[in-house]
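Each chain gets a letter, A, B and so on, in the order its sequence line appears, and its residues count up from 1.
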Amino acid sequence: PHGKPLRYDGENLHLEPEIEEIATFYAAKLGTEHAKKKTFNQNFFADFKRAMRKHNSKYSGIIKDFKKCDFSVIRAHLDAVKAQQKDMRPCERKAIREAEAARVAKYQVAIVDGREEKVGNYRVEPPGLFLGRGEHPLAGKVKRRILPEDVTINIGEQETPPECPLPGHRWKKIVHEHSVTWLAFWRDSITSGFKYVWLGAGSAFKGMSDHSKFEKARKLHGVIGHVRAEYRRAWKSKDLSEQQRAVATYLIDVLALRVGNEKSEDEADTVGCCSLRFEHVKLERPSTLRLDFLGKDSIRYVNSVSVDPAVFACLQRFLNGKKNGDDVFDLVTVTSLNDYLRGFMDGLSGKVFRTYNASVTLDRLLQDTAGRDRVV
DNA sequence: CGAAAGACTTGGAACAATCTTC
DNA sequence: GAAGATTGTTCCAAGTCTTTCG
């Protein structure tokens, strides 16, 4: 606790440590794009008030209006701390850095099947405000502190579990799972999703996985002709769901779209191929498809492409009678699409097309470069 | 069977380090 | 040697997809 006050309606309020910490999370985000968003501020303030009630803060009844909160004193303190660190002499900075490196060294390696491997993320995520990307409905909520009681450790039966770093605490559970590659996990307090501790990118597990990914893409090269012939045929199918599946596969193949799994209400409204809606698609005669949607990370995808006339006709049919909010591919699910793709080749799924597409592109660029006698 | 759980990859943002440039 | 540009690294949100469950 730094003891710096929150100014509220002109008064200096010295908050209890738990409350002060949350106010400090917000102060750190002052001036960023996040703090300009209504959802972010609303979610933050709701959690801030909830924390005051939970900790029986004496300010619970006082701090009622976000607009009267002034975090600038706390912010000035954060800025001062940062400036102080910046002003430190280089040798002093180096000493601190080296001491920290020595402290964490033992957490950065794991022995796997007798080999020493680097651990990727050996720290749990610190508490703070959930940021999110795009218009995320949970942005600004307080991400709580992870304690040893939240963490499950995966280790060999014969091995001694790592010592719990917090005195008086203990790990949630010690397990011995041989079929997975994670070393530990906890649940995220915002999304309730799983957060894992993995080995580093240079580890055998990650390397093998990466290798098999590219081998899959290479194998796709052998059957891509068959896949294309098959979906072209299915554009003319009498079965509308087969038609939809064939057009979706075509878009994933030629535009390298992501498949687009379903998302919940608690996430940003973004889409991929299978979740494209009426409003994301425009058809311009004679055969131009215009796509405009927010994809992964709420990044806008805008593209106008000339498509095969048969695809154009299919899309006209799919959109017929639909309105904003309706799925373009209402008869296709990601699962059904991937089941169909697996029929062509073991392990084939939508995302393999992206790896394939990128690999073919890189290969072509390398060929061009090699042709001009360049060293690569 | 659809939904939820679970495990893994992907990739942007934030931050840190280093490299110009004046 | 400060400031700004560039590059590298870490963090963690946001995807994919298979397996398990009710």
- Message: One thing to verify: whether A:K82 and A:D79 come together as a salt bridge, which I'm taking to mean a side-chain N less than 4.0 angstrom from a carboxylate O.
- Response: no
- Query: For the side chain of A:R354, counting heavy atoms from C-beta on, which of B:dG11, B:dC8, C:dA14 is nearest?
  - Reply: B:dG11
- Task: Please evaluate the base of B:dT9 for a donor-acceptor partner in the side chain of A:K206 within a cut-off of under 3.5 Å?
- Result: no
- Task: Rounded to the nearest angstrom, tell me the gap between atom CD in A:E100 and atom P in C:dT10.
- Result: 13 Å
- Message: What contact category does A:G272 fall into here, base, sugar-phosphate, or nothing, at under 4.0 angstrom with non-hydrogen atoms?
- Response: nothing
- Task: For A:L131, answer base if it contacts any base atom (sugar-phosphate contacts may also be present), sugar-phosphate if it contacts only those atoms, and nothing otherwise; contact means non-hydrogen atoms under 4.0 Å.
- Result: nothing
- Return the nearest nucleotide to the side chain of A:F130; candidates are C:dA14, B:dT9, B:dA7. C:dA14
- Does a nitrogen or oxygen in the side chain of A:T333 sit under 4.0 Å from OP1 or OP2 of B:dG2? no
- Closest to the A:E125 side chain, choosing from B:dG11, C:dC12, B:dA7: C:dC12
- Task: Pick base, sugar-phosphate or nothing for A:G295, based on heavy-atom distances below 4.0 Å to the nucleic acid.
- Result: sugar-phosphate
- Query: Roughly, in whole Å, what's the span from CZ in A:R342 to C1' in C:dT16?
  - Reply: 12 Å
- Message: Over all strands shown, is A:G120 touching base, sugar-phosphate only, or nothing at heavy-atom distances under 4.0 angstrom?
- Response: nothing
- Could you state the CG-C1' distance from A:L183 to B:dC8, rounded to the nearest angstrom? 14 Å
- Within the 6.0 Å centroid threshold, strictly below: A:F66 and A:Y26: yes
- Message: Quick check on DNA chain B: between A:D210 and A:Y196, whose nearest nucleotide comes earlier from the 5' end?
- Response: A:Y196
- Please check the phosphate of C:dC17 (OP1 and OP2 only) for any side-chain N or O of A:R258 closer than 4.0 Å. no
- Integer-rounded Å distance: B:dC15 C1' and A:K82 NZ: 9 Å
- Task: Return the value, rounded to whole Å, for the distance between atom CG of A:L129 and atom P of C:dC12.
- Result: 13 Å
- Check the angle between the aromatic planes of A:Y231 and A:Y250 and answer parallel, tilted or perpendicular using the 30° and 60° thresholds. perpendicular
- Of the candidates C:dC17, C:dC12, B:dC8, the side chain of A:R133 sits closest to C:dC12
- Could you tell me whether the phosphate oxygens of C:dT16, OP1 or OP2, come under 4.0 Å of any side-chain nitrogen or oxygen in A:N261? yes
- Query: Are a donor atom and an acceptor atom from the side chains of A:S203 and A:K118 found within less than 3.5 Å of each other?
  - Reply: no
- Query: Taking the six-membered ring for Trp, are the ring centroids of A:H136 and A:F40 within less than 6.0 Å of each other?
  - Reply: no
- Could you tell me whether the phosphate oxygens of C:dA14, OP1 or OP2, come under 4.0 Å of any side-chain nitrogen or oxygen in A:T270? no
- Among B:dT9, C:dC17, C:dA13, which is the nearest nucleotide to the side chain of A:K213? B:dT9
- Starting at the 5' end of DNA chain B, which residue's closest nucleotide do you reach first, A:W182 or A:H34? A:W182
- Return yes if a side-chain donor-acceptor contact under 3.5 Å exists between A:Y340 and A:N338, otherwise no. no
- Roughly how many Å is it from CH2 in A:W186 to P in B:dA7, rounded to a whole number? 14 Å
- Look at the side chain of A:V334 and decide which nucleotide, out of B:dA7, B:dG12, C:dC17, has an atom nearest to it. C:dC17
- Message: One thing to verify: whether A:D150 and A:R144 come together as a salt bridge, which I'm taking to mean a side-chain N less than 4.0 angstrom from a carboxylate O.
- Response: yes
- Just to confirm, is there a sub-4.0 Å distance from OP1 or OP2 of C:dA13 to any side-chain nitrogen or oxygen of A:K296? no
- Query: OP1, OP2 of C:dC17 versus side-chain N and O of A:S349: anything below 4.0 Å?
  - Reply: yes
- Nearest to side-chain heavy atoms of A:K143, which nucleotide of C:dG15, C:dC12, C:dA14: C:dC12
- Which nucleotide in the list C:dC17, C:dA13, B:dA5 gets nearest to the side chain of A:F194? B:dA5
- Query: Does B:dT10 have OP1 or OP2 sitting under 4.0 Å from an N or O in the side chain of A:K351?
  - Reply: yes
- Message: Let's see if you can work this out: which of B:dG6, B:dT10, B:dC8 has an atom nearest to the side-chain heavy atoms of A:W198?
- Response: B:dC8
- Query: Taking the side chain of A:V180 as heavy atoms from C-beta outward, which of B:dT10, C:dC17, B:dA7 is closest to it?
  - Reply: B:dA7
- Query: Expressed in angstrom and rounded to an integer, what is the separation of A:K263 atom NZ from B:dA3 atom C1'?
  - Reply: 18 Å
- Euclidean distance, atom CG of residue A:L199 to atom P of B:dA7 [Å, nearest integer]: 15 Å
- Message: So, OP1 or OP2 of C:dC11: does either fall under 4.0 Å of a side-chain N or O from A:N121?
- Response: no
